[in-house]
Amino acid sequence: MSKKEGGEFIVTYKEGGTRWKAGWTDEEVTGNGETKVRIVLKGQGIRYPYAKDTKWESVAIWKSGSSFQPVESSTEVRDMQDKLVMKDKITVDEKTGSVSFEKKDFESTQTVDKTYEADGDLLIVDGLVLALRSLPFGTNETVKARFLTGEPELYNVEFKQKGIEKIDTPDGEVECYKVEFVPKLGVLNVFKVFFPKTYFWFTVADPHRWVRYEGFENGRDSPEVVMQAVSFTDSAN
């Protein structure tokens, strides 16, 4: 990635119709001898689990350098009158090999506080498409990881390449690598038929920018959506 990037994307129902829109930036920062990436996402619209318009901001920090690993992320959701609706935080503790998820819903007063064992192959939602740009594109290699969702649940997952497809974008038709996201559900594999096929598309051309996503919006109970990038900028532009 460049030192600083940004872009916008639109989320629609699988059958059509806009749900929400968002803009994002990621920027490389250094400190204490470490290189990290700060990713900021700002969105507005109808996003699961809310049935009304909300606006939100998520900030995630990933460790960069020889590997790309999540450090922490936090999200605040507000209604259109700027009242705080929900906030959550994910914290990765390398020393204990664990990841914690804290969430507070200010409308229902419900709280979630969970901790999972984690290791170097951990992925989280915020920053996921940036991490996946380092997949071994153009090979038949299957990449395995552990993925923490916003439910929250920690899944064993695999990323499998499904060839090259042409995707329509605002800049015209673009050749993309198609990548399938496959959850490994263990004893729940019998129910796998009820899970929709989930795909990501990244440009064949470097730096393998994320272009499109099809699958659940935010967990197993959320609607199936299409996320489509509509712009991309970097520090060279």
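Among Y213, F137, F159, F232, the one residue that satisfies the ring-ring contact (aromatic ring centres under 6.0 Å, His included) test with F202 is F137.
Evaluation of the salt bridge (Lys or Arg N to Asp or Glu O under 4.0 Å) test over residues 125-135, restricted to residues two or more places apart or in two chains, returns E5-R133.
Proximity of the aromatic rings of W210 and W24 is defined here by a centroid distance below 6.0 angstrom, and this criterion is not met. Taking the six-membered ring where the residue is Trp, the centroids of Y50 and W20 are separated by 6.0 Å or more.
A heavy-atom distance below 4.5 Å is found between the side chains of T169 and V211. Residues F101 and D88 have side chains in contact (heavy-atom distance under 4.5 Å, counting atoms from C-beta outward). Residues V40 and E57 have side chains in contact (heavy-atom distance under 4.5 Å, counting atoms from C-beta outward). With a 4.5 Å cut-off on side-chain heavy atoms, F200 and L128 count as touching.
Contacts of T35 classified as side-chain contact (heavy atoms from CB on, under 4.5 Å), with partners at least two apart in sequence or in another chain: E28, T30, S64. K14 is linked by a side-chain contact (heavy atoms from CB on, under 4.5 Å) to E224, counting only residues two or more places apart in sequence or in another chain. With sequence neighbours left out, the side-chain contact (heavy atoms from CB on, under 4.5 Å) criterion links K36 to V29, E34, I61.
Under the 3.5 Å distance criterion, the side-chain polar atoms of D79 are matched with a main-chain donor or acceptor of Q81. Remark: side-chain polar atoms of Y48 are not paired, donor with acceptor, to backbone N or O of A51 under 3.5 angstrom. Side chain of Q161 to main chain of P136: a donor-acceptor pair is present (N/O by atom type, distance under 3.5 Å, no hydrogens or angles). A donor-acceptor contact shorter than 3.5 Å links the side chain of S222 to the backbone of G219.
Atom OG1 in T109 sits 6.0 Å away from atom NZ in K104 (nearest 0.5 Å).
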Pair up each side-chain donor or acceptor in residues 175-182 with any protein partner under 3.5 Å, not counting sequence neighbours, and list the distances.
| unit_1 | atom_1 | unit_2 | atom_2 | d |
| --- | --- | --- | --- | --- |
| K178 | NZ | E165 | OE2 | 3.3 |
| E180 | OE1 | K162 | NZ | 3.4 |
| E180 | OE2 | K197 | NZ | 3.3 |

Using a 3.5 Å cut-off and no angle test, enumerate the donor-acceptor pairs between side-chain atoms of residues 142-149 and protein atoms at least two apart in sequence or in another chain.
| unit_1 | atom_1 | unit_2 | atom_2 | d |
| --- | --- | --- | --- | --- |
| R146 | NH1 | E117 | O | 2.9 |
| T149 | OG1 | E151 | N | 3.3 |
| T149 | OG1 | E151 | OE1 | 2.8 |
| T149 | OG1 | E153 | N | 3.1 |
| T149 | OG1 | E153 | O | 3.3 |

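Surrounding CG of D113 are more than 12 heavy atoms belonging to other residues, nucleotides or ligands, all under 6.0 Å away.
Ring planes of Y199 and W201: tilted class, angle from 30 to 60°.
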